[in-house]
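Keep in mind it's a predicted model, so treat the numbers as computed, not measured.
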Amino acid sequence: MSSAAPESPVPLLAVVYDRAWVDPPLQSIVAASKGLCDILWVLPFDRRDSRTALRLLRASEEADWDVIDASRMSLDDVVRQIVARNVSGITCLADSTIVWTAEVAGALHLPFHSREVAARLTDKLEQRTALAASGMPTPAFWNADDLADEALFTEGTRAISFPVVVKPRRGSSSRDTERVESSKELETTLKRCEPGRMLVEGFIPDPTTPCMQVGNAPYVSVELLVSDGVTSVLGVTGKPPLAAPFRETGDYFPAETTPHNRLEFTSAAIDAVSALGIRAGVLHVEIKCTDDGPVVIEVNGRPGGGRIRDFIERAHGIDPIRLAFRIALGEQIVYQAFPEMNEVLFLFSVQPDARLRAITAIDGFDDLLQIEGVEVVERGGVSVGDAYSWRDGTMSSVAEVSGVAPDHETARRIRAEVLATIRIEGTT
C-alpha cells in the first residue's frame with residue numbers, strides 16, 4: 001500500500017513591517033497569507049510597539065512566526081539573515097518602508113520596485129519631476145529649499161500663481177498640507193519649513209463644470225494591480241467633500257461618475273504607472289478632474305488605506321493584500337472588467353473643525369449605529385481630552401463610520417445624518 005505524498009511546503013514571504021498606524025492591521029496581513037505563504041516578519045525600524053504587537057498576535061494565533069529585528073543591522077547583515085531563511089519573495093504595505101524594502105530586494109535580486117521607482121513613489125518632488133518629464137499634465141512645482149533664500153524667493157515667486165499648496169515631500173494622510181494664498185503668506189510658511197522636507201506646488205483648480213455629482217469632491221482614487229507591466233483596474237473610489245484644508249472625509253465605492261469620466265480617470269492612472277516605471281504592485285492613485293482633463297495628485301506604491309481594501313474584497317472577492325503577496329511571490333495576475341455593483345459601500349471620517357486646538361466633548365457617538373445602513377462605528381485618532389491640530393491630517397478624525405447603501409443618493413443622506421448626529425466641542 002503506497003503512502004500519500006507529503007504536502008509541499010508553502011513559500012516563505014518576507015513582509016517588511018513598520019507599525020500599526022501606517023501598516024494594515026496585523027490580523028489582516030495574517031489572514032491574507034492563509035494557504036498562500038508563511039510570513040517572515042522583518043522590522044526595519046526600532047519600534048517597541050511593533051515588537052510587542054507581533055508577540056501578542058503570535059500568542060493569540062498560536063503561530064511560530066520568524067521575526068528579524070533589522071533596526072540595528074547593516075544592509076549586508078539583513079541580506080544574510082534573509083538568505084539563510086530561503087525566502088521566495090519580499091514586500092511591504094506602507095509608504096514608510098518602500099525605499100528600505102527596495103534596497104533589500106535589490107540586494108537579494110527579488111522582484112520589487114527598483115530603487116529609482118521607490119524614490120518616485122515616496123518623494124513627491126521626484127514623482128512630480130518624473131510625471132512632468134513624461135509629458136503628463138502636472139501643476140507647477142518647486143522644491144521649498146530652492147525658495148528659502150531671499151533672492152531666490154523673490155525671483156521664484158514671480159513665476160508663481162497663487163494659491164499654492166505646501167506639503168511634505170514624504171508622508172501621507174494630508175499631514176502638514178496647507179493652502180497658501182499670497183507671496184507674503186508663502187514667505188512666512190517657508191520660514192517654518194524643515195530643510196529637505198517640503199514641496200510647493202500650484203493648486204490644481206476645481207473644474208468650472210462639475211465632473212462628479214453634487215456632494216462629491218472633484219477627485220477620485222483609482223485602485224490598480226500591476227503585474228509584469230500589465231495594469232488591471234480594481235475600482236474607482238469617490239470622495240465626499242474635503243475638510244479644510246485638505247483632510248479626507250471618507251470614501252464611496254464605487255465612485256459616482258459617468259462612464260466617460262471613469263475612463264479618463266483610469267487612463268490617467270495607467271499613464272502615471274508607465275511614467276514612473278512601475279512594473280508590479282498594488283497601487284492607490286489619486287486623480288483630480290479639471291477643465292483641461294484629469295491631473296494626477298499622487299501615486300502611492302501600496303494598496304489604498306481606510307476601508308478601500310475591505311471594499312474591494314466585499315465587491316469583487318479579492319483581497320488587495322493577498323494580491324500584493326501573490327505578486328511578490330512571482331505570480332502573474334490580470335483582471336478584466338468587473339461586474340457593475342448594485343450597492344454603494346461607504347466610509348465617513350468625521351473631522352473636527354480646523355480651528356479647534358483641543359477636544360472637550362464628543363456626543364452622539366453611541367447613536368451612530370442606529371442609522372440605517374451603518375454597519376461599523378469605530379473611534380478615530382482623536383478623543384475627548386486630546387490636543388488637536390489639523391496638521392495631523394486625515395488621521396485626526398473622531399469617528400470612522402462605514403456601511404452600505406442601495407445607491408449614492410442614499411449614501412449621501414446617511415452621511416448627512418452621521419454629521420448631524422455626532423457633535424464635537426473644543427477650545428480654539
Side-chain angles (χ1 to χ4, degrees), residues 12-34 36-61 63 65-71 78 82 87 89-105 112-113 118 121-122 168 170-175 221 223 225 248 251 280-284 298-313 319-329 347 349 378-381 392-397 400 402:
L12 182 63
L13 177 67
V15 176
V16 181
Y17 180 80
D18 185 357
R19 65 196 324 173
W21 60 271
V22 295
D23 275 283
L26 283 170
Q27 292 87 347
S28 298
I29 299 173
V30 172
S33 72
K34 296 292 188 183
L36 175 67
C37 61
D38 287 333
I39 295 178
L40 167 65
W41 299 94
V42 183
L43 309 181
F45 311 126
D46 188 8
R47 312 283 200 217
R48 179 183 295 179
D49 54 341
S50 299
R51 294 193 295 270
T52 301
L54 279 172
R55 282 197 298 271
L56 292 173
L57 184 63
R58 179 160 53 185
S60 67
E61 295 273 337
W65 293 314
D66 199 357
V67 179
I68 297 176
D69 185 348
S71 59
V78 173
I82 294 177
V87 302
I90 187 170
T91 194
C92 68
L93 299 164
D95 295 324
S96 58
T97 48
I98 288 176
V99 169
W100 192 92
T101 305
E103 289 285 344
V104 176
F112 190 68
H113 303 305
L121 287 170
T122 55
R170 301 170 184 84
S172 60
S173 302
S174 302
R175 289 184 183 87
S221 63
E223 323 309 331
L225 165 71
E248 291 196 279
D251 302 296
V282 181
L283 313 174
H284 173 75
E298 65 181 30
V299 180
N300 298 279
R302 40 77 185 167
R307 290 279 178 181
I308 292 175
R309 296 184 300 268
D310 299 332
F311 292 164
I312 293 171
E313 185 167 14
D319 180 352
I321 299 176
R322 192 175 180 89
L323 281 183
F325 288 178
R326 291 168 63 189
I327 292 294
L329 292 168
L347 167 70
S349 299
E378 297 174 314
R379 299 282 179 182
D392 292 330
T394 300
M395 303 301 286
S396 62
S397 68
E400 301 286 308
S402 57

- Does some side-chain heavy atom of R309 sit less than 4.5 Å from a side-chain heavy atom of P25? yes
- Between W21 and R175 the two heavy atoms that sit nearest each other are CZ3-NH2, 3.2 Å
- Item | Nearest heavy atoms of H113 and A102, plus distance in Å | O-CB, 3.5 Å
- Can you check whether I39 reaches Y17 side chain to side chain, under 4.5 Å on heavy atoms? no
- Message: Does any part of the side chain of W100, heavy atoms only, come nearer than 4.5 Å to the side chain of V42, both counted from C-beta?
- Response: yes
- Yes or no on side-chain contact (heavy atoms from CB on, under 4.5 Å) for S172 and N300, after CA distance, side-chain angles and deciding distance? CA-CA 9 Å; S172 60; N300 298 279; 5.5 Å; no
- Task: Locate the shortest heavy-atom distance separating I98 from F112; write the atom from each residue and the value.
- Result: O-CE2, 3.6 Å
- Under 3.5 Å: donor-acceptor pair, side chain of T97, backbone of D18: no
- CZ of R322 to OG of S28: how many Å apart, nearest 0.5 Å? 13.5 Å
- Are L54 and L43 side-chain neighbours, meaning at least one heavy-atom pair lies under 4.5 Å? yes
- Query: So do D310 and L347 actually touch side chain to side chain, heavy atoms under 4.5 Å?
  - Reply: no
- Evaluate the side-chain contact (heavy atoms from CB on, under 4.5 Å) criterion for residues V78 and I68: first the C-alpha distance (whole Å), next the side-chain angles of each, then the deciding distance (0.1 Å), finally the verdict. CA-CA 8 Å; V78 173; I68 297 176; 5.5 Å; no
- Note on the structure: dist S397:OG -> M395:CE (nearest 0.5 Å) comes out at 7.5 Å
- Note on the structure: Between F45 and S96, the two heavy atoms sitting closest are CZ-O, 3.6 Å
- Query: How about E223 and P320: do any of their side-chain heavy atoms sit closer than 4.5 Å?
  - Reply: no
- Sorted by chain and residue number, the salt bridge (Lys or Arg N to Asp or Glu O under 4.0 Å) partners of D23 (sequence neighbours excluded) come out as none
- Message: So which atom in R302 and which in L93 form the shortest heavy-atom distance, rounded to 0.1 Å?
- Response: CB-O, 3.9 Å
- Within a strict 4.5 Å, meaning less than it, do heavy atoms of the V15 and W65 side chains meet? no
- Query: Heavy atoms, side chains only, cut-off 4.5 Å: are S33 and L13 in contact?
  - Reply: no
- Item | Derivation of the side-chain contact (heavy atoms from CB on, under 4.5 Å) call for V299 and L121 | CA-CA 6 Å; V299 180; L121 287 170; 3.9 Å; yes
- Message: Between the side chains of R307 and D251, is the shortest nitrogen-to-carboxylate-oxygen separation below 4.0 Å, so that they form an ion pair?
- Response: no
- Note on the structure: In this structure, CD1 of I308 is separated from NE2 of H284 (nearest 0.5 Å) by 4.5 Å
- Note on the structure: d(L323 CG, T91 OG1) to nearest 0.5 Å is 11.5 Å
- Query: Which heavy atom in D46 sits nearest to a heavy atom in S71, and how many Å separate them?
  - Reply: N-CB, 3.4 Å
- Item | Set of residues satisfying ring pair (Phe, Tyr, Trp, His ring centres under 6.0 Å) with respect to F325, sequence neighbours excluded | none
